[in-house]
Amino acid sequence: MRTLLPLILFAASICFALGIVLPLIHVDRLYFFADEPSLIGMIAALWRGGDWLLAIVVAMFSVVFPAMKLGLLHNAAYGQAAGAVSIPGWFRALTNWSMLDVILVALVVFAAKTSGLATAFTKPGLWFFAASVMLTATASAVIKRKPRDSAQAAH
């Protein structure tokens, strides 16, 4: 698995970038109005609509924390002290919430389909974002396991 780490981190980074800029869902309302918001577009719309606190929370948990975690994972894997895991426990706990966005979008799609007022379909941005979350978690697990594997190899 260690040999796949560069590929996993690269794929996670690409999927994250695509996941925040590509449309997450397609929503048709009353057969006349359609919308395909991206994660960045949703945050911007919340901000423009005056929901600053919600925009900040979504931006922090959906964009800032996952981007920082990816940066920390790259640093832990390839930085000067590549043998030491440098991801703080409190940060791992915070970024575990990044999958929340995927769940919320799934709930919006479900609600739109069951309400009869709108139809909604997932778009590639949601799948890229979900893939990024899964790949980042995989990379984190591989990096966390690294010192133990090195210690066992020394014995």
Is it the case that one hydrophobic cluster holds both L126 and V63, taking links as side-chain heavy atoms less than 4.5 Å apart, direct or via other members?
yes

From L135 CG over to L7 CG, what is the distance, rounded to the nearest 0.5 angstrom?
8.5 Å

Is there a path of hydrophobic side-chain contacts, each under 4.5 Å between heavy atoms of I, L, V, M, F, W or Y residues, that connects V64 with V57?
yes

Interatomic spacing from CG in L73 to OG1 in T138 - rounded to 0.5 Å:
10.5 Å

So, does S140 use its side chain to make a donor-acceptor pair with the main chain of T136 at under 3.5 Å?
no

So, taking the atom named CD1 in I20 and the one named CZ in F129, what distance separates them when rounded to the nearest 0.5 Å?
8.5 Å

Could you work out, with side chain to side chain contact (heavy atoms under 4.5 Å, CB included) as the rule, every residue matching L22, not counting sequence neighbours?
L18, P124, F128

Less than 4.5 Å apart, side chain to side chain, heavy atoms only: is that true for V133 and P66?
no

Just verifying a value: how many Å separate D28 CG and E36 CD, rounded to the nearest 0.5 Å?
8.5 Å

Of all heavy-atom pairs linking K123 and I25, the shortest is CG-C, 3.4 Å

In Å, rounded to the nearest 0.5 Å, how long is the span from CG of L70 to CG of N75?
12.5 Å

Which atom pair, heavy atoms only, marks the closest approach of C15 to A131?
SG-CB, 4.0 Å

H26-T122 side chain donor-acceptor pair, cut-off 3.5 Å
no

If you measure from OG on S13 to NE2 on H74, what distance do you get to the nearest 0.5 Å?
3.0 Å

Identify, with sequence neighbours excluded, every residue that meets side chain to side chain contact (heavy atoms under 4.5 Å, CB included) alongside S38.
I40

For A55, all residues meeting side chain to side chain contact (heavy atoms under 4.5 Å, CB included), sequence neighbours excluded:
I43, L46, W47

